[in-house]
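Each remark here refers to the structure printed beneath this line.
For clarity, every value in this text was computed on a predicted model and none was experimentally measured. Just so we're on the same page: letters track the sequence lines, and every chain starts at 1.
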There are 2 protein chains.
Amino acid sequence: MPLDEFDRKILAALQEDARMPVAQVAEHAALSATPVSRRIRKLEEDGVIRGYQPVLDPRKLGLELNAYVLINLDAHSDVNIQRFESAIQDNAYVIACHAVTGDMDYLVHVIARDVEHLSQITLKSLLRIPGVRDVKSIIVLETIKPPLKLPLG
Amino acid sequence: MPLDEFDRKILAALQEDARMPVAQVAEHAALSATPVSRRIRKLEEDGVIRGYQPVLDPRKLGLELNAYVLINLDAHSDVNIQRFESAIQDNAYVIACHAVTGDMDYLVHVIARDVEHLSQITLKSLLRIPGVRDVKSIIVLETIKPPLKLPLG
DNA sequence: TATGAAATAATATAGTT
DNA sequence: AACTATATTATTTCATA
């Protein structure tokens, strides 16, 4: 079940364009369509490919502001953690969240329409989650490299 | 050219599964296949949909460790910035990078096989970029919410 | 100007070797 | 794994609101 060179070439091609026709993926992998089709299905079944997503332009959706918000809880009880993580799941403007090392507990990726909207999300949603002590916002000024591909080497 | 409710429903369906058949997207949007097909193409042409990506499981690719690395430059000359950003583009394990506010200049999302690999990336690649003064690593312990969807409301 | 239904074209999948 | 045949699916055409 480990990936071979064909699988890597297939994944690389799909990372270029997940809607690329199988025949074209096959060219990239120096294979014919049939085995590529079967391999893609196997990669899906094995959970290597978890799904397919459109890459949307946040600006075209009116979402101009990205921020990374570091959050601290005042007590790390199960209830607090449960409540925090559930509030995070429910907030559509929190597009990612990780528990992290260091003096802050969570790193939260927030996307917002503008500064006022970010402020509203921070003050009215994040800071009001019970157990949240402190938040520090890192605001994105410019995206140098957008998150698109994973390394396959 | 602003998005209407149909467009939002279409985008929401595609965010569930970008390979969903047009007929099925059409059901979600309470429309028939023809206009959905045309609307999707228009969304692509307008740059709202920038492309399509497979969602890969990093663990299945042997990438077990995520880190957010904050980086400081010692001088903000054009050369330094140019050199830094170009080095970032060339590094496949840097999967995203933003210029940010605060006392650090950049927030870099690194994905690595393990702690040793992260250490190697930090010491042998990032810290060796000319102009880099300081790095602070925030290591991801657990992903609470994986980055998948953008809010469409 | 945008839709829906039907016809056509493109593409993916299954069977066979 | 490839070739061929079949089945899905997408797109175009055309009539219409």
- Value in whole Å for how far the P atom of D:dT9 lies from CD1 of B:Ile40: 14 Å
Please write out the pairs of protein N or O atoms and N or O atoms of nucleotides 13-15 of chain C separated by less than 3.5 Å, giving the distance to one decimal.
| from | atom 1 | to | atom 2 | distance (Å) |
| --- | --- | --- | --- | --- |
| C:dT13 | OP2 | A:Ser37 | OG | 2.5 |
| C:dA14 | OP2 | A:Arg41 | NH2 | 2.7 |
| C:dA14 | N6 | A:Thr34 | OG1 | 3.2 |

- Can you tell me how far P of D:dT11 sits from CD of B:Glu44, to the nearest Å? 8 Å
- Item | Option passing side-chain contact (heavy atoms from CB on, under 4.5 Å) with B:Phe84 (candidates B:Leu73, B:Val79, B:Leu126) | B:Leu73
- When rounded to whole Å, the NZ to P distance for the pair B:Lys42 and D:dA10 reads 21 Å
- Item | Pair B:Glu85 + A:Lys145: basic N to acidic O under 4.0 Å | no
- With hydrophobic residues grouped by side-chain heavy-atom distances under 4.5 Å, do B:Ile144 and A:Ile121 end up in a single group? yes
- More than 12 heavy atoms of other groups within 6.0 Å of A:Arg8 CZ: yes
- Round to a whole Å and report the spacing from CZ of B:Phe6 to C1' of C:dT3. 10 Å
- Item | B:Arg39 CZ to C:dG4 P, straight-line distance once rounded to whole Å | 10 Å
- Task: Quick one: label A:Arg19 by what it contacts on the DNA or RNA (base, sugar-phosphate, nothing), any heavy atom closer than 4.0 Å.
- Result: nothing
- Note on the structure: Taken to the nearest whole Å, CD1/B:Ile10 to P/C:dT3 is 9 Å
- Task: Tell me yes or no: between the side chains of B:Asn66 and A:His98, is some donor less than 3.5 Å from an acceptor?
- Result: no
- Can B:Leu3 be reached from A:Tyr93 by stepping across I, L, V, M, F, W or Y side chains whose heavy atoms are under 4.5 Å apart? yes
